[in-house]
Amino acid sequence: MTQKFDVCIRGGGIVGRVLALLLAQQQLKVVLRVWPPSGAAAAQGHSDIRAYALNAASREVLESVRAWPEREGEQMEPVTPVDRMEVQGDQGGRLCFRAADVGAEALNWIVDVPALEQRLVQALRFQSRVVVWDQAEDPPACPLTVVCEGRRSATRAEWGMSYDVKSYPHHALAARLHLPQAHSGVAKQWFKDGEIAALLPLGGAQGCDVALVWSAPHLKVTELLALNAPDFVLALTQITGLAPEDICLTHSPQSWPLELSQAQHWVLPGLALAGDAAHAMHPLAGQGLNAGLGDVAELARVLQAREYWRSLGDVKLLRRYERARKAEFAAMGGLTDGLFTLFKHPHPWVQQLRNQGFDVVNRWTPIKTWLTRQAMGR
Ligand SMILES: Cc1cc2nc3c(=O)[nH]c(=O)nc-3n(C[C@H](O)[C@H](O)[C@H](O)COP(=O)(O)OP(=O)(O)OC[C@H]3O[C@@H](n4cnc5c(N)ncnc54)[C@H](O)[C@@H]3O)c2cc1C
């Protein structure tokens, strides 16, 4: 006899897995369609070298499903609190955010991506209401399907849902580095000549490792990927101002294309989009996954609060989710797009103005506090 499910989630990325756990907590029977099968990526030696900056709202969601990663055995500390964030413009403009200034434990947490993915896989093993479906054929039809297949979602295209894409002329390059001294929980970001680089602290408060995220023009990224380690380090010193002897490349760089994108409609009767399948943005503010986790938390809340006579796929119900999350994405997507455009502008006046802007924001406590709280998901 075929099994019946309440919800089908398509896409076993972080967003899809977290949604499966949230819905299972509501006693819903969930089928999680994972493609390619979980083992296939591991067999191909796939390992994501990124580390994500996750905010307090995301931490709460992950804790609520027992998937906030913690250190296990001798492994490197998978979560590092960010105490301070230092941002430098290209003409001496500076901005510094401190957790203590807003009375918070941390501005955000830098989370090792493979450790988080592993934690989610484990959490799902203990959840009997979720069936992980990695067969080639489709799972049985459900009253509600949630598509969490990322930016290039095939299901979204099959349903004829259009997705507007503004491609940026940049790729993001990620790598891991070792520094001679402890980072002390300080994240650093540089805006220089239209490029943006960030070093995010890893390995716990006293760690010496950092994750690099570097947004640069396509051609430059292709050239950087072809460099040997010493030449790559040399190129990095030009944007960060660090000395070459202070940087040791520990993991080879990987790259991703960048875009601002959004589906025109996020819901249809019986269908909803979440995470990057609904929207994507430049990672300069480290907000993409935070937005995706915000989506699934809101969708789970809307489904739980539904009137008893509404079905899970009722489009009026799903529109409550769409309205709330579209507004949130418009604000964050617009901010990252505005910053990217502003810092790419080559005109000297614009250059001067944006650096002055940094200094003004740095001195203007109310706006700085507001910006800090926004980034923290508050
Ligand atoms: C360089 C870089 C740095 C970033 N840093 C941050 C950060 O610091 N903080 C932050 O919040 N965000 C960050 N982001 C954004 C973050 O990576 C994404 O927002 C997040 O990964 C989206 O998760 P997702 O599960 O929606 O999509 P994805 O991660 O793309 O996962 C989609 C999943 O669906 C699967 N799939 C695809 N098609 C199908 C199908 N037909 N059937 C079943 N499964 C399918 C895929 O195999 C994949 O497992 C960064 C992005 C980049 C590029």
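Residue numbers run from 1 in the order of the sequence given. Counting convention: from 1, in listed order, for ligands and their atoms alike.
- In this structure, Asp83 contributes its side chain and Val186 its backbone to no donor-acceptor pair below 3.5 Å.
- Arg156 forms no cation-pi arrangement with Trp266, by the criterion of a distance under 6.0 Å to the ring centre and an angle within 45° of the ring axis.
- Taking any N or O of Trp35, backbone or side chain, at least one lies under 3.5 Å from an N or O belonging to ligand 1.
- Heavy-atom contacts of Ala172 reach the following atoms of ligand 1: 1 (C) (cutoff under 4.0 Å).
- Taking the charged nitrogens against the carboxylate oxygens, Arg320 and Glu307 do have a contact shorter than 4.0 Å, which makes a salt bridge.
- Annotation: Gly286 places an N or O atom under 3.5 Å from an N or O atom of ligand 1; distance criterion only.
- When the heavy atoms of Val34, Ile110, Val15, Ile49 are ranked by distance to atom 23 (O) of ligand 1, first place goes to Val15.
- Within 4.0 Å of atom 29 (O) of ligand 1, not a single protein heavy atom is present.
- Distances shorter than 4.0 angstrom do not occur between any heavy atom of Ala277 and any atom of ligand 1.
- Near Gly275, meaning under 4.0 Å from any of its heavy atoms, are these atoms of ligand 1: 26 (O).
- Below 3.5 Å of separation, one finds an N or O of Leu289 facing an N or O of ligand 1.
- The nearest heavy-atom contact from the protein to atom 14 (N) of ligand 1 is Tyr52 CE2, 3.8 Å.
- Among the atoms of Asn290, some N or O lies under 3.5 angstrom from an N or O of ligand 1.
- Salt-bridge annotation for Arg325 and Asp295: present, with a side-chain N of the basic residue lying under 4.0 Å from a carboxylate O of the acidic one.
- The residues Lys166 and Glu259 are annotated as not salt-bridged, no charged nitrogen and carboxylate oxygen being separated by less than 4.0 angstrom.
- When heavy-atom distances to ligand 1 are checked against a 4.0 Å cut-off, Gln287 comes that close only through its backbone atoms N, CA, C and O.
- Among protein heavy atoms, atom 49 (O) of ligand 1 sits closest to Gly13 N, 3.6 Å.
- Among all protein heavy atoms, the one lying closest to atom 3 (C) of ligand 1 is Pro283 CB, 3.7 Å.
- Annotation: side-chain contact (heavy atoms from CB on, under 4.5 Å) contacts of Val102 (sequence neighbours excluded): Ala104, Thr369, Thr372, Arg373, Met376.
- Taking any N or O of Ala53, backbone or side chain, at least one lies under 3.5 Å from an N or O belonging to ligand 1.
- Side-chain contact check for His279 and Ser261: no donor-acceptor pair (N or O, by modelled atom type) lies under 3.5 Å.
- A cation-pi contact links Arg59 to Trp109, judged by a cut-off of 6.0 Å to the six-membered ring centre and 45° from its axis.
- Cys148 counts as a contact of ligand 1, since one of its heavy atoms falls under 4.0 Å from the ligand.
- By the criterion of a heavy-atom distance under 4.0 Å, the side chain of Trp256, and not its backbone, is placed next to ligand 1.
- The one candidate from Leu120, Leu19, Leu54, Val296 that meets the side-chain contact (heavy atoms from CB on, under 4.5 Å) condition with Ile14 is Leu120.
- Between Arg151 and ligand 1, no N or O atom pair is found at a separation short of 3.5 Å.
- For Gln181, the side-chain contact (heavy atoms from CB on, under 4.5 Å) criterion is met by no residue, not counting sequence neighbours.
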